[in-house]
Peer 1: 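Please find one structure pasted underneath; my questions will follow.
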Amino acid sequence: MKKYFAVPAVMTLALGLTACSSGSGNTGAKDGEKPAQVLNLSKENDVITMDSTLATDGMSFEVINMCIEGLETTNENADIVPALAESYDVSDDDLTYTFHLRDAKWSNGDPVTAADFEYAWKDAATDPTCDYAYIFGSDGACIKGADEAMGDPAKKDEIAVKAVDDKTLEVTLSRKTPYFVSLTTFPPFYPVNEKFAEEQGDQYGLSPDNLLYCGPFKLDEWVKGNSLKLSKNADYWGADDVALEEININIVPEPSSAALAYENGTTDYARLNSSLVDKYKDNEAYKPVLGSFLWYLQYNFENGDLQNENLRKALTYAVDKENLTQNVLKDGSIPAEGFVTVKLANGPDGKDYRETAEGYFTETGEDSEKLAQEYWEKAKKELGKDEINLRFLFEPSDPAKSAAEFIQSELSKLEGLNIEMVSQEKNVRLKTQQNGDFDVVLTRWGPDYADPTTYLNVLLPGGSFNFGKYPNEEYTEKLKEAADADTDEERWQLLKDAEKIAMDDVAVGPVFQTGASDLLNPKVKHLVDNPVGVPFVYKYVTIEE
């Protein structure tokens, strides 16, 4: 039995973001006074739901994390550190995890218990409306019985999650899962007070009164589509180490309006789009960020033409990714070199996965255009066609719209290729993908946990998000071998081998890894910007002169 104990949970405040002297800041402090611990944020999107079992979007995750915690959380170095679990044990076969909960309580005075986790996990895994049900099974946490019970509430008892007592949660996995503990920082794995949630019914998580809080902050006001206001939760177990007294969030869809609010001193944070980068890149508050979302071309393998490997290669090589990221997006995005992103996870050697893995489709300029033309001619010859018609599905939002228009212009260089552009809002676009009603789609995937399988599992035949129906038994077998590997080193190499199979097949066409450009008041310190899972963590933030 291996034991893992708590470290001082919140004492990372000595580590800060790089300061840039003064900012526009709305601290309200007079000379010699301590700045008011109030943080003002401008965000593009509203929260959709505060129900941690149903949320799927980054903004909902962000605010849920302000109000509710999981067994573990992340610190400023992106390390996994204890939250509601003080410690945990792992069995010698690495299949059973036993978490020991600390004293914590909900905002109604009820203690947070192991039963709250058991209820939440089993409910999410078996709810047919829960998009993240898959993450409890073999595509994620690998909890024993989760695959068989997925989407079927009648099978909850088959899932190997058990509240041994109020302070002890036991979880048994179907196979070794090195990243399992990191998943507990992700909202679908947060606790839910069963009695309260059942009383609220389908209104749970849709207003401040329909939610209980056990995290650093409480949601006081929520004006849908307009604003949210949160205050410090005095009953939070780590309240003494939370500096912020208040967080105000204004929903500002237009980046130019958010930037103006920063200039006027009414917000401490604003996200820029590519058209604003040149204006603010020399501002002391400007902060480029490498994101973790991968945008890629998903090919529908049920389309007879796209079953031709040379056609898929032609389409992939046709896109000059360096030109796209440097001259069109201009937001810190970088060309994708595979189906696993940069700075996702380090291997047993301590090096980033992408650093030691092979690079794919890295040619640019004339080199990529030449390869695209060569494969295009081969594809036409093999298919016996001079013209090929394809529907290109994309969403009309930033950065997808700009990227799609650039890709269209690149594909137009392939004589005889006719592209029908199909623009659909994200929610409609996803349903179109699910229905398989597309030829090529510009889509994205963001990591749920810090391990290459968060991407690689997407391409498994029968996988929940393998909308292109990529079929390869060798790929599946390689990932199974990785799951059963005897050593971390062997597993890491098998994951690289699996990615190579998919990239050699051109299962998808990687295009770019997102970047972002923010304005962040230099007086805001210790904001955790996560590469995976919850985008931002605010429990460590301080406002300093």
Side-chain angles (χ1 to χ4, degrees), residues 4 6 9 50-55 61 64-65 67-74 80-91 95-127 130 132-137 140-146 149-150 153 155-174 177 179-198 200 204-205 211-216 235-238 448-449 533-534:
Y4 299 82
M50 290 291 289
D51 184 343
S52 56
T53 67
L54 294 180
F61 290 156
I64 288 170
N65 179 260
C67 299
I68 305 172
E69 272 195 325
L71 296 166
E72 306 283 316
T73 189
T74 51
I80 307 301
V81 295
L84 292 178
E86 285 186 313
S87 64
Y88 62 91
D89 309 321
V90 184
S91 61
L95 294 180
T96 300
Y97 288 70
T98 304
F99 294 91
H100 306 285
L101 272 60
R102 68 174 77 246
D103 291 331
K105 60 183 178 180
W106 294 101
S107 49
N108 67 348
D110 288 352
V112 177
T113 67
D116 297 329
F117 287 93
E118 179 181 353
Y119 168 73
W121 294 17
K122 289 183 174 180
D123 183 59
T126 60
D127 184 345
C130 176
Y132 270 104
Y134 78 90
I135 205 169
F136 295 90
C142 301
I143 297 173
K144 187 176 180 180
M150 196 174 300
K155 295 183 177 180
K156 284 183 179 180
D157 291 340
E158 297 180 15
I159 301 175
V161 178
K162 179 183 178 182
V164 177
D165 56 41
D166 284 353
K167 292 293 187 70
T168 310
L169 181 72
E170 183 180 274
V171 184
T172 302
L173 309 183
S174 59
T177 309
Y179 53 84
F180 169 66
V181 172
S182 72
L183 275 173
T184 67
T185 69
F186 196 46
F189 293 86
Y190 289 2
V192 174
N193 184 300
E194 179 177 5
K195 181 181 177 182
F196 181 85
E198 294 295 335
Q200 305 308 309
Y204 177 74
L211 191 69
L212 292 182
Y213 310 93
C214 65
D235 295 324
Y236 172 58
W237 66 267
D448 299 325
Y449 52 92
V534 177

Peer 1: Would you list the pairs meeting salt bridge (Lys or Arg N to Asp or Glu O under 4.0 Å) in which at least one residue belongs to residues 183-198, sequence neighbours left out?
Peer 2: none
Peer 1: Report the residues that fulfil side-chain hydrogen bond (donor to acceptor under 3.5 Å, both in side chains) with Thr96, sequence neighbours left out, ordered by chain and then residue number.
Peer 2: none
Peer 1: Could I get the full list of ring pair (Phe, Tyr, Trp, His ring centres under 6.0 Å) partners for Phe117, not counting sequence neighbours?
Peer 2: none
Peer 1: Can you list the residues that meet the salt bridge (Lys or Arg N to Asp or Glu O under 4.0 Å) rule with Glu118, with sequence neighbours excluded?
Peer 2: Lys122
Peer 1: Mind checking ring pair (Phe, Tyr, Trp, His ring centres under 6.0 Å) for Phe180 and listing every partner two or more places apart, or none if nothing turns up?
Peer 2: Tyr97
Peer 1: For the residue pair Trp106 and Pro111, what are the closest heavy atoms and their distance?
Peer 2: CD1-O, 3.6 Å
Peer 1: So does Cys142 get a backbone contact from the side chain of Ser174, meaning a donor-acceptor N/O pair under 3.5 Å?
Peer 2: yes
Peer 1: Closest heavy-atom contact between Thr53 and Ala120?
Peer 2: CG2-O, 3.9 Å
Peer 1: Do the rings of Phe189 and Phe136 sit parallel, tilted or perpendicular, given the 30° and 60° boundaries?
Peer 2: tilted
Peer 1: Would you please name every residue forming a salt bridge (Lys or Arg N to Asp or Glu O under 4.0 Å) with Lys144, sequence neighbours left out?
Peer 2: none
Peer 1: NZ/Lys167 to CG/Leu101 distance, rounded to the nearest 0.5 angstrom?
Peer 2: 7.5 Å
Peer 1: Between atom OG1 of Thr185 and atom CG of Leu71, what is the distance when rounded to the nearest 0.5 Å?
Peer 2: 10.0 Å
Peer 1: Less than 3.5 Å apart, which donor and acceptor atoms pair up between the side chains of residues 156-164 and the rest of the protein, not counting sequence neighbours?
Peer 2:
none

Peer 1: Please name all residues satisfying side-chain hydrogen bond (donor to acceptor under 3.5 Å, both in side chains) with Asp127, sequence neighbours left out, ordered by chain then number.
Peer 2: Thr129
Peer 1: Lys105: which residues meet the side chain to side chain contact (heavy atoms under 4.5 Å, CB included) condition with it, sequence neighbours left out?
Peer 2: Asp235
Peer 1: Sequence neighbours left out, what passes side chain to side chain contact (heavy atoms under 4.5 Å, CB included) with Ala55? Give chain and number order.
Peer 2: Thr49, Ser60, Phe61, Ile64
Peer 1: Taking the six-membered ring for Trp, are Phe99 and Tyr88 parallel (under 30°), tilted (30 to 60°) or perpendicular (over 60°)?
Peer 2: tilted
Peer 1: Just how far is it from atom CG of Leu169 to atom OG1 of Thr113, taken to the nearest 0.5 Å?
Peer 2: 9.5 Å
Peer 1: Measuring from atom SG of Cys130 to atom CG of Asp123, what distance do you get when rounded to the nearest 0.5 angstrom?
Peer 2: 8.0 Å
Peer 1: Quick one: salt bridge (Lys or Arg N to Asp or Glu O under 4.0 Å) partners of Glu69, sequence neighbours excluded?
Peer 2: Lys539
Peer 1: Test of understanding: with ring pair (Phe, Tyr, Trp, His ring centres under 6.0 Å), list the residues that count as partners of Tyr179, not counting sequence neighbours.
Peer 2: Tyr449
Peer 1: Give, for atom CD1 of Ile80 and atom OG1 of Thr184, the distance between the pair rounded to the nearest 0.5 Å.
Peer 2: 7.0 Å
Peer 1: Return the OG to CD1 distance between Ser107 and Ile68, rounded to the nearest 0.5 Å.
Peer 2: 9.0 Å
Peer 1: Is there a side-chain contact between Ile143 and Leu173 in this structure, where contact means two heavy atoms from C-beta onward sitting under 4.5 Å apart?
Peer 2: yes
Peer 1: Passes side chain to side chain contact (heavy atoms under 4.5 Å, CB included), Phe196 versus Asp110? Steps please.
Peer 2: CA-CA 10 Å; Phe196 181 85; Asp110 288 352; over 6 Å; no
